[in-house]
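Note sheet for the following structure.
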There are 2 protein chains.
Amino acid sequence: MTTLQPVNLDETDWLILEELQADGRLSYNALARRVHLSAPAVAERVRRLEESGVITGYSAQINASRAGQPLVAYVQLRCRLGDCLLRTARADEYPELVEVHKLSGDHCTLLKARASSLAHLEGLFERLGQHGDIRTHIVMSTQYEGRPVRPPSPERPVTPADGWTQT
Amino acid sequence: MTTLQPVNLDETDWLILEELQADGRLSYNALARRVHLSAPAVAERVRRLEESGVITGYSAQINASRAGQPLVAYVQLRCRLGDCLLRTARADEYPELVEVHKLSGDHCTLLKARASSLAHLEGLFERLGQHGDIRTHIVMSTQYEGRPVRPPSPERPVTPADGWTQT
DNA sequence: AATGAAAAAACTCCTGT
DNA sequence: ACAGGAGTTTTTTCATT
């Protein structure tokens, strides 16, 4: 399943997703107890969540600092025409990039990088700078990341004041 | 283990970490085969990686689009003095924030948010704007995220030209 | 979707190298 | 510090209601 359409998820599906995001190694038995279902029922639901592409995999979470890469930086990159990072560089040339996004606005690309030292970051910035103008932001501390995806809460629409017509 | 010091990891540890990041549900038997060790040996290494805080947990990976939250935005926030988001707001007031970083530079905080619609994002930006000046960036597309942490490659130091003394 | 049972697989201990 | 094997527990899956 590779389309982008959302899948209809009921309350039990969200319970399962929350539990599996908190502990991806839960057995069907343990998971079933937590969501008040039987093991076969929960196994079937998990299978459907996997096949419908809601669950894309299971992964060990690792503390990058502990693993020798304590630094995080974000880099905004405005590529030169015809020399965009995404077209001219291969992913494995930049193993330190853990996220790559295309943005609205005048800086086309936002990168998130992990590095082992400031010298490492310095070298990375120099390499990236070959692709265009860059603007770097070094992360001083991280309050949290990898927060679980949660069920959408009811939205509070922004209501314009009187006299404005909302389209 | 809560300190920040890196843990010494040998080649086998990195093999294990790469396998478990790719599939967090691997059994010790399957993992042992892949890293050319016996099951008890690999179980002992995994136990040590967990206890030393390198592996912090295991998680199901969710396709947020499929789960009804297709939008991602980054928000740079410069808090007003004494009214910083991190001091005045509770985490559960902002369930759409999946990452919170403190940055160097003049915008103190970088937030990553997931939302279900542009109306949802609009409301979020309004709420965040109560804490200070914000600058928002909507992600148009994501090349990748959640890339695994990999063993640090040998660094290429940036060598200054002659005449500059490196400290 | 629940129950209960059979089958399969996982984990862990122990011993030896 | 690791390999191999055996025993025990857990997990998964299937058939039935």
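It should be emphasised that the depicted structure is a prediction, and the values quoted were computed from it without experimental measurement. Side-chain atoms are counted along with the backbone in the values below, which use heavy atoms only and exclude waters and symmetry mates.
Considering only side-chain atoms of Arg48(B), the nucleotide from dA1(D), dC13(C), dC2(D) that sits closest is dA1(D).
Taking the charged nitrogens against the carboxylate oxygens, Asp92(B) and Arg90(B) do have a contact shorter than 4.0 Å, which makes a salt bridge.
The separation between Glu50(B) atom CD and dC11(C) atom P is 11 Å, rounded to whole Å.
Of the candidates Lys112(B), Arg127(B), Arg114(B), Glu96(B) forms a salt bridge (charged side-chain N to carboxylate O under 4.0 Å, His left out) with just one, namely Arg127(B).
Looking at residues 23-36 of chain A, you'll see Ser27(A), Tyr28(A), Asn29(A) sit with a heavy atom under 4.0 Å from some atom of DNA chain D.
DNA chain C is contacted by both Leu37(A) and Ala39(B); Leu37(A) maps to the nucleotide lying nearer its 5′ end (nearest heavy atom per residue).
When only modelled atom types and interatomic distance are considered, Gln76(A) and His137(A) share a side-chain donor-acceptor pair under 3.5 Å.
What you find for Ser117(A) and Leu71(A) is that their closest heavy atoms are C-CD1, 3.2 Å. Between Glu99(B) and Gly146(A) the shortest heavy-atom distance is CG-N, 4.2 Å.
Across all strands, Arg45(A) comes closer than 4.0 Å only to sugar-phosphate atoms, never to a base (heavy-atom distances).
Residue pairs that meet the salt bridge (charged side-chain N to carboxylate O under 4.0 Å, His left out) test with at least one member in residues 41-50 of chain A, sequence neighbours left out, are Asp10(A)-Arg45(A), Asp13(A)-Arg45(A), Glu44(A)-Arg47(A), Arg47(A)-Glu51(A).
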